[in-house]
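Worksheet: one structure, shown below.
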Amino acid sequence: MAEEKEKGQDSCSSEERESVKLFVGQVPKHMSEAELVCMFKEVALVDEVNVIKDKTTRASRGCCFVICPSREEADKAVNACHNKRTLPGASSPLQVKYADGELERLEHKLFVGMLPKNVSDAEVSSLFSIYGTIKDLQILRGSQQTSKGCAFLKYETKEQALAALEAINGKYKMEGSSVPLVVKWADTEKERQARRAQKAQSQASGVSNTDSTQQPSLFGALPMGYIPPFNGFSYQAPGTYGLMQYPLQPMQNQPGFHNLIPPINRGSALRGVSHDLPPGIAPRNFVTMPAGSYIGSAYPSAPGIQYPMAYPGGIMSHRPINSSRGLTPPAITNGRGTSPTSSSSGIQVEGPPGANLFIYHIPQEFGDQELANAFQAFGRVLSAKVFIDKATGVSKCFGFVSYDMPAAAQSAINMMNGCQLGGKKLKVQLKRDNKHNKPY
DNA sequence: TCATATT
C-alpha cells in the first residue's frame with residue numbers, strides 16, 4: 001500500500017497501475033472466492049476476489065468485489081461478463097460494474113463552487129489549465145444561461161486535480177467576486193443518491209419548507225458536508241431546515257479525524273476544506289439527520305387510506321401506521337401472536353413452490369410489517385418484503401409474501417387479489433420461479 | 001411488475 005504510493009510520486013502517470021474494483025452481482029451464494037477468481041481469470045487479469053458476506057451470519061450475500069490491476073483489465077471483465085452469462089442457481093445474468101465511487105475516483109473529477117454568475121468557460125478553463133490538462137469542463141447553468149455558481153471539471157490525472165484543488169480551494173477569488181472559489185472532489189454517485197434521499201425524506205416528513213424553489217440557493221448544488229467558508233456558524237441555509245444537526249460523540253471529534261476520511265486519497269481535499277473553517281468547526285463533527293428521526297415525531301396520517309370492511313380478520317391491528325417512511329424501527333406487534341416471522345429477523349425466507357406470492361399495488365406507506373399483517377390471516381407468513389427505492393427511500397409498491405404452504409398462498413390470492421387498498425386494487429399472484437427450469 | 005446485493 002504505502003510502497004505503491006511512493007511509486008506514484010516519482011513516475012509520471014499513475015494511470016497504468018491504478019487498480020480498479022468491480023462490483024459483481026448475481027453470484028450464487030455457494031460460490032467460493034477461489035472459484036470466482038478462476039472464472040474471472042479466464043477473461044481478465046484479477047488480483048483478488050472478495051465475496052460480500054452478511055456481517056453476522058458470514059453467509060454470502062450473492063455478490064462480490066473483483067480487484068483488477070488496471071482499468072483495461074477491469075473493462076475486459078465487464079465486457080466479457082456483464083449481462084453475458086447466468087451462473088447456475090442465479091435468477092438473472094451476472095452484473096459486473098465499477099464499484100461505488102470507482103468511476104469518480106478514476107475520473108479525477110472536481111467540484112468548483114462560488115463561481116461568479118457571469119463566468120465564462122474560458123475564464124474557468126484558463127485558471128484551471130495552470131494545473132493540468134482539463135479533460136472535461138461543465139459549468140452548471142440555469143434558464144438564462146447564467147451560471148449557477150458551480151462547475152464540474154475533470155483532469156487527466158489525480159495529481160493534476162489535487163494540485164488545482166490545493167492551490168485554488170478557499171484561496172483564489174475570481175475577478176469581480178468577493179468570495180474565494182471552493183474546490184473539492186466531486187461527490188460520488190452514492191453520495192448524490194444519499195442527498196437526494198435525504199431531501200425526499202425531509203420533504204415527506206412534513207417539516208414544511210413551504211416553497212423550496214424560492215431559495216434554491218447554492219446549497220442545493222453544493223456537495224454534502226460542504227460548509228461555506230467564513231460563516232461556519234450560520235450555514236443552516238434556507239431550504240435545509242428540515243434537517244437537524246447533532247454533534248457526534250466526543251471521541252470521534254478530535255485527533256482521530258483522519259479515521260473519518262473516506263479511503264482512496266481524498267484526504268487532502270477534506271483537510272483543505274477544513275482549513276478554511278473557524279477553529280473547532282470541522283465538517284465531520286456534525287452529522288445531518290432528517291428531522292423525522294426524532295422519536296415520537298408527529299406525522300400527519302397518510303391521507304386516503306381505507307381498509308375495506310371485507311378485510312379478513314382484524315388484520316391491521318390497532319397500531320397506527322408507524323411513521324411514514326420507515327424512519328422509525330418498526331415496533332412489531334403481530335396481530336395473532338404467532339411466532340416471529342423471518343421478516344422481522346431480516347433474512348428472506350422463501351416458502352415451498354406455490355407458497356410464494358408476488359404482490360403489486362401495495363399502498364405506498366406499507367412496510368414489511370404492514371404487508372405481513374395484511375397477509376397473515378391466510379396462513380403462516382414466513383417472510384414479507386416490500387421493495388424500497390434506494391435513492392428516495394420510497395416504496396416501489398410491490399413485494400413478496402411467503403407462506404409455509406401453497407394452500408395459504410392460494411387462499412390469499414382468492415381473498416386479496418383485486419382487493420381495494422388505499423387508492424388501488426391489489427394484484428396478488430404466485431411468484432414466478434426461476435429456479436428449476438434451467439436448461440442442462 | 002418478480003428477491004438489486006457495495007466488505
Side-chain angles (χ1 to χ4, degrees), chain A residues 19-33 36 47-67 74 78 82-83 86-87 89-105 188-194 197 262-264 341-343 345-351 353-364 366-368 371-372 381-403 409 412-413 417-418 424-437:
Chain A
S19 69
V20 176
K21 178 158 66 173
L22 299 175
F23 173 83
V24 181
Q26 297 300 327
V27 175
K29 294 195 195 338
H30 57 77
M31 276 186 87
S32 69
E33 289 174 348
L36 288 160
D47 292 332
E48 202 179 326
V49 170
N50 298 304
V51 168
I52 299 166
K53 306 187 187 79
D54 183 277
K55 276 191 214 32
T56 56
T57 70
R58 308 293 299 156
S60 164
R61 304 193 62 172
C63 47
C64 69
F65 289 118
V66 173
I67 317 288
V78 172
H82 180 65
N83 271 138
T86 302
L87 265 21
S91 58
S92 46
L94 273 178
Q95 298 300 107
V96 184
K97 32 196 190 186
Y98 284 60
D100 282 349
E102 282 297 272
L103 207 49
E104 292 88 345
R105 183 177 70 83
T188 66
E189 177 61 26
K190 200 175 191 183
E191 287 165 326
R192 240 175 299 153
Q193 280 180 359
I264 341 212
T341 65
S342 65
S343 60
S345 77
I347 296 173
Q348 286 166 20
V349 177
E350 186 157 346
N356 304 292
L357 297 176
F358 171 72
I359 299 143
Y360 196 60
H361 293 158
I362 297 169
Q364 186 117 76
F366 273 38
D368 295 354
L371 183 64
V381 174
L382 299 181
S383 67
K385 175 111 198 116
V386 174
F387 277 76
I388 303 296
D389 186 290
K390 230 191 327 173
T392 65
V394 167
S395 162
K396 291 188 165 171
C397 299
F398 75 89
F400 298 91
V401 168
S402 293
Y403 292 103
I413 292 172
N417 186 37
K424 293 183 192 144
K425 290 180 178 170
L426 281 186
K427 186 169 282 191
V428 183
Q429 313 170 317
L430 285 179
K431 176 180 135 23
R432 241 182 251 150
D433 192 6
N434 294 310
K435 289 254 158 96
H436 38 68
N437 42 330

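Because only heavy atoms are used, hydrogens play no part in the values below, and waters and symmetry mates are left out as well, while side chains stay in. The sequence lines fix the lettering, A, B, ..., with proteins before strands; numbering per chain opens at 1.
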With respect to the side chain of [X], which nucleotide from [options] is positioned closest?
| X | options | answer |
| --- | --- | --- |
| A/R61 | B/dT6, B/dT7, B/dA3 | B/dT6 |
| A/N50 | B/dA3, B/dT7, B/dT1 | B/dT7 |
| A/K385 | B/dA3, B/dC2, B/dT4 | B/dA3 |
| A/S402 | B/dC2, B/dT4, B/dA3 | B/dA3 |
| A/S383 | B/dT6, B/dC2, B/dA3 | B/dA3 |
| A/Q26 | B/dT7, B/dT4, B/dC2 | B/dT4 |
| A/I52 | B/dA5, B/dT7, B/dC2 | B/dT7 |

Could you state the atom-to-atom distance from [atom1] of [X] to [atom2] of [N] in whole Å?
| X | N | atom1 | atom2 | result |
| --- | --- | --- | --- | --- |
| A/E350 | B/dC2 | CD | C1' | 10 Å |
| A/I67 | B/dT7 | CD1 | P | 12 Å |
| A/E104 | B/dT6 | CD | P | 16 Å |
| A/K425 | B/dT1 | NZ | C1' | 18 Å |
| A/Y360 | B/dC2 | OH | P | 9 Å |
| A/K21 | B/dT7 | NZ | C1' | 7 Å |
| A/L36 | B/dT6 | CG | C1' | 16 Å |
| A/F387 | B/dT1 | CZ | C1' | 12 Å |

- With a non-hydrogen cut-off below 4.0 angstrom, is A/K427 in contact with a base, only sugar-phosphate, or nothing?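 Base contact.
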
| What orientation do A/Y360 and A/F398 show, parallel under 30°, tilted 30 to 60°, or perpendicular over 60°? | tilted

* Asked: Under the 5.5 Å and 30° test, is A/F398 stacked on the base of B/dT1?
  -> no

Does the ring of A/F23 meet both stacking tests against the six-membered base ring of B/dA5: centre distance under 5.5 Å and plane angle under 30°?
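The base of B/dA5 is not stacked with A/F23 (the test needs centres under 5.5 Å and planes under 30°).
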
| request: Tell me yes or no: between the side chains of A/Q95 and A/N83, is some donor less than 3.5 Å from an acceptor? | output: yes

Sub-4.5 Å side-chain heavy-atom contact between [X] and [Y]:
| X | Y | answer |
| --- | --- | --- |
| A/F23 | A/Y98 | no |
| A/V51 | A/M31 | no |
| A/L357 | A/K431 | no |

Check your understanding: Which value, in whole Å, describes the distance between the P atoms of nucleotides B/dT1 and B/dA5?
Key ->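 It works out to 16 Å between them.
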
- Message: Quick check: any donor-acceptor pair below 3.5 Å linking the side-chain of A/K396 to the base of B/dT4?
- Response: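 A donor-acceptor contact between them is absent.
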
| query | Using a cut-off of less than 4.0 Å, is there contact between a side-chain N or O of A/Q95 and OP1 or OP2 of B/dA5? | reply | no

Filter on salt bridge (charged side-chain N to carboxylate O under 4.0 Å, His left out), then keep only pairs touching residues 19-31 of chain A, sequence neighbours left out; what's left?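 Every candidate salt bridge (charged side-chain N to carboxylate O under 4.0 Å, His left out) pair involving residues 19-31 of chain A fails, so no pair, neighbours aside, qualifies.
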
